[in-house]
**Student:** 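To start, I am sharing the structure in question, which I have written as structure tokens.
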Amino acid sequence: MGLSTAYSPAGSGLVPGPLGAGAGAARRRSAQVRRPRLATVRCSVDAAKQVQDGVATAVAAEAPASRKECFGVFCNIYDLKAEDKTKSWKKLVNIAVSGAAGMISNHLLFKLASGEVFGLDQPIALKLLGSERSFQALEGVAMELEDSLYPLLREVSIGIDPYEVFQDVDWALLIGAKPRGPGMERAALLDINGQIFADQGKALNAVASRNVKVLVVGNPCNTNALICLKNAPNIPAKNFHALTRLDENRAKCQLALKAGVFYDKVSNVTIWGNHSTTQVPDFLNAKIDGRPVKEVIQDTKWLEEFTMTVQKRGGALIQKWGRSSAASTAVSIVDAIKSLVTPTPEGDWFSTGVYTTGNPYGIAEDIVFSMPCRSKGDGDYELATDVSMDDFLWERIKKSEAELLAEKKCVAHLTGEGDAFCDLPEDTMLPGEK
């Protein structure tokens, strides 16, 4: 069931929904007692024909029960005919974000709304998914978005039901997940979060755009992405991604530091495998200013320790700051999306966790594994084939593969593959995720 606050079109002010100490009780009562709905209007860049003399007109007073209401000022329809700049704008893109009241989203949402991600001619609608416990905070997020006056942000809606929030979405950024509690085994975390992503996969399958692009951030993100895609059989498996871009960005930073260059000189960096301590930052194929890394950095011991340096970067940040990386994770989500909606620079590639079936490398099929990809900027991608492999790299790739195959067995009950059997020999969660 969705919860919201809305403005009346007559300008009578904000009508509060069930907030404060009695919010939970009010939400529980809502199934039996329905309050009359005020007439509301939804903001849309295609809605200019509903506007007469620059004044917003109300849509039907009684919306279908399953439809979310808009939030605040985003319930107003603006006179787009008077805005010359909107004439060249593209069709509205619907973006769902789960865990929308969390720290990562607090950085991400404003980047999305600013046009930094999809472009300065791309209006967007943000559909924010939270929980009953976080709903009041979700309203606060929506209020901040209101106050930021982003011209490209044409709709904001908030809710707690993925079947409502994911309606017709073009992008689903799945950030929300349960953090690992004290004493919790990794297998237990896989099961608990796996249930979340199974449910969200079913919701996407039922109501999202048939070509929705899904980026899973909540950990363990590779296996959560696999669970999600297995529960969404009507959406191409190729459309699901697990976020490994922060790992790639960290690897680029370390290579740039060692080589004494700025990081825009570093290219062709791949993170292979799982988003865990079995991940494989690849220096064999990476380049610095167009030259192979091993020609520029000839310190063999440093290169062999490079993987561990990247893996420990999050932990080092926590020691310095006392919290895990939220801002840089949000930036890496932006980078991951931009890599799919803008053409990949000639000869370069980017890392993302994708479905392995049909891959050219010999990696086990039917898992989600981070690999090098290229895009034409249409939201799709192809795997890079011009990569080199040596024994050092392949041995580490196979270790990460084995871990993901073991994780897959742990969640078989969530992917429709029978009973789960969990045998994870070691704890490979990254620092900050434990």
Side-chain angles (χ1 to χ4, degrees), residues 242-317 325 328 331-332 334-336 338-340 342-354 356 359-363 369-377 381-403 428 430-431:
L243 183 74
T244 57
R245 190 55 173 267
L246 180 56
D247 304 312
E248 178 187 322
N249 288 353
R250 288 169 170 169
K252 285 182 174 178
C253 176
Q254 294 305 309
L255 290 171
L257 282 168
K258 181 64 175 177
V261 300
F262 200 61
Y263 39 73
D264 63 352
K265 300 295 185 183
V266 183
S267 65
N268 300 89
V269 172
T270 307
I271 300 297
W272 297 90
N274 199 4
H275 178 66
S276 73
T277 59
T278 69
Q279 67 172 257
V280 188
D282 176 3
F283 60 81
L284 177 65
N285 290 284
K287 297 179 180 178
I288 296 174
D289 208 10
R291 298 171 57 201
V293 161
K294 292 178 74 174
E295 289 184 9
V296 179
I297 301 173
Q298 298 181 2
D299 185 340
T300 304
K301 183 178 179 182
W302 184 92
L303 289 172
E304 290 177 352
E305 294 174 351
F306 167 64
T307 295
M308 191 176 297
T309 303
V310 175
Q311 292 169 354
K312 290 183 176 181
R313 182 68 170 182
L317 185 146
S325 51
S328 57
V331 169
S332 71
V334 168
D335 290 342
K338 288 170 71 174
S339 289
L340 292 168
T342 55
T344 305
E346 184 70 28
D348 202 358
W349 57 61
F350 58 91
S351 303
T352 182
V354 292
T356 54
N359 79 86
Y361 313 115
I363 294 165
F369 200 89
S370 185
M371 298 181 284
C373 300
R374 292 187 172 109
S375 177
K376 296 177 182 178
Y381 67 90
E382 297 295 336
L383 294 173
T385 55
D386 50 331
V387 296
S388 299
M389 200 73 66
D390 63 11
D391 290 343
F392 182 88
L393 178 59
W394 185 244
E395 178 185 332
R396 283 154 181 77
I397 286 174
K398 295 301 285 184
K399 182 177 180 181
S400 200
E401 174 193 271
E403 178 180 59
T428 60
L430 292 168

**Student:** What residues, two or more places apart in sequence or in another chain, satisfy ring-ring contact (aromatic ring centres under 6.0 Å, His included) together with Trp349?
**Tutor:** none

**Student:** Check for a donor-acceptor pair, side chain of Glu401 on one end and backbone N or O of Ile363 on the other, with a separation under 3.5 Å.
**Tutor:** no

**Student:** Give, for atom CZ of Phe262 and atom SG of Cys253, the distance between the pair rounded to the nearest 0.5 Å.
**Tutor:**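 Interatomic distance, Phe262 CZ to Cys253 SG, rounded to 0.5 Å: 9.5 Å.
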
**Student:** Would you please classify the geometry between the Phe283 ring and the Phe392 ring as parallel, tilted or perpendicular, with 30° and 60° separating the classes?
**Tutor:**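 The arrangement is tilted - the two ring planes meet at 30° to 60°.
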
**Student:** Quick one: NZ on Lys294 to CG on Asp390, what's the gap to the nearest 0.5 Å?
**Tutor:** 6.0 Å

**Student:** Calculate, to the nearest 0.5 Å, the distance between atoms CD1 and CG belonging to Ile271 and Leu243 respectively.
**Tutor:**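 With rounding to 0.5 Å, CD1 (Ile271) is 11.0 Å from CG (Leu243).
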
**Student:** Output yes when a side-chain donor or acceptor of Arg245 lies under 3.5 Å from a complementary backbone atom of Thr352, and no otherwise.
**Tutor:** no

**Student:** For a quick test of reading the model, state the closest non-hydrogen atom pair linking Tyr263 to Lys252 and the distance between them.
**Tutor:** CB-O, 4.4 Å

**Student:** Using a distance-only test with no angle check, is there a side-chain donor-acceptor pair under 3.5 angstrom linking Ser276 and Glu403?
**Tutor:**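 The criterion, which ignores hydrogens and geometry beyond distance, is satisfied for Glu403 and Ser276.
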
**Student:** Judged by modelled atom types alone, do Ser328 and Arg313 share a side-chain donor-acceptor pair under 3.5 Å?
**Tutor:**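 Per modelled atom types, Ser328 and Arg313 side chains form no pair under 3.5 Å.
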
**Student:** On a heavy-atom basis, which atom in Ser388 and which in Leu393 lie closest, and how many Å separate them?
**Tutor:** O-CD2, 3.8 Å

**Student:** Near Lys398 NZ, under 6.0 Å, is it more than 12 heavy atoms from other residues, nucleotides or ligands?
**Tutor:** yes

**Student:** With a 4.5 Å heavy-atom cut-off, do Tyr381 and Ser339 have their side chains touching?
**Tutor:** no

**Student:** For Gln311 and Thr278, which heavy atoms make the closest approach, and how far apart are they?
**Tutor:**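 Closest approach of Gln311 to Thr278: NE2-N, 4.3 Å.
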
**Student:** Kindly indicate whether the side chain of Ile288, heavy atoms from C-beta on, has any atom under 4.5 Å from the side chain of Val261.
**Tutor:**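 Side-chain contact under 4.5 Å: yes.
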
**Student:** As a quick check of understanding, evaluate side chain to side chain contact (heavy atoms under 4.5 Å, CB included) for Asp386 and Arg374, giving each step before the final call.
**Tutor:** CA-CA 11 Å; Asp386 50 331; Arg374 292 187 172 109; 2.9 Å; yes

**Student:** Answer yes or no: is there a donor N or O on one side and an acceptor on the other, between the side chain of Asn268 and the main chain of Asn285, under 3.5 Å?
**Tutor:** no

**Student:** Quick one: does Met389's side chain get under 4.5 Å of Ile397's, heavy atoms only?
**Tutor:** yes

**Student:** Between Ser325 and Leu317, which heavy-atom pair has the shortest distance, and what is it?
**Tutor:** N-CD2, 4.0 Å

**Student:** Do other residues, nucleotides or ligands put more than 12 heavy atoms under 6.0 Å from Asp391 CG?
**Tutor:**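 No.
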
**Student:** Compare every heavy atom of Lys376 with every heavy atom of Pro343, then report the nearest pair and how far apart it is.
**Tutor:**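 Minimum heavy-atom contact is CG-O, 3.5 Å.
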
**Student:** May I ask you to test the Asp335-Glu248 pair for a side-chain heavy-atom distance under 4.5 Å?
**Tutor:** no

**Student:** Return yes if some donor-acceptor pair links the side-chain N/O of Thr270 with the main-chain N/O of Met371 below 3.5 Å, else return no.
**Tutor:** no

**Student:** So which of Ser332, Ser351, Ser370 actually passes side chain to side chain donor-acceptor pair (under 3.5 Å) with Thr244?
**Tutor:** Ser370

**Student:** Could you check Val269 against Leu255 for side chain to side chain contact (heavy atoms under 4.5 Å, CB included), going step by step and ending with a plain yes or no?
**Tutor:** CA-CA 10 Å; Val269 172; Leu255 290 171; 4.0 Å; yes

**Student:** Side-chain atoms of residues 300-308: list all donor-acceptor pairs with protein atoms under 3.5 Å, sequence neighbours left out, distances to 0.1 Å.
**Tutor:**
none

**Student:** For Tyr361, does the OH atom sit with more than 12 other heavy atoms under 6.0 Å from it, leaving out its own atoms?
**Tutor:** yes

**Student:** Contact between Val293 and Lys258 at the side-chain level, heavy atoms closer than 4.5 Å - yes or no?
**Tutor:**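 In short, these two side chains do not touch, never coming nearer than 4.5 Å.
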
**Student:** Can you name the closest pair of heavy atoms from Ser400 and Trp272 and give their distance?
**Tutor:** OG-O, 4.4 Å

**Student:** Find out whether His275 and Leu246 are in side-chain contact, i.e. whether some heavy atom of one side chain is under 4.5 Å from a heavy atom of the other.
**Tutor:** no

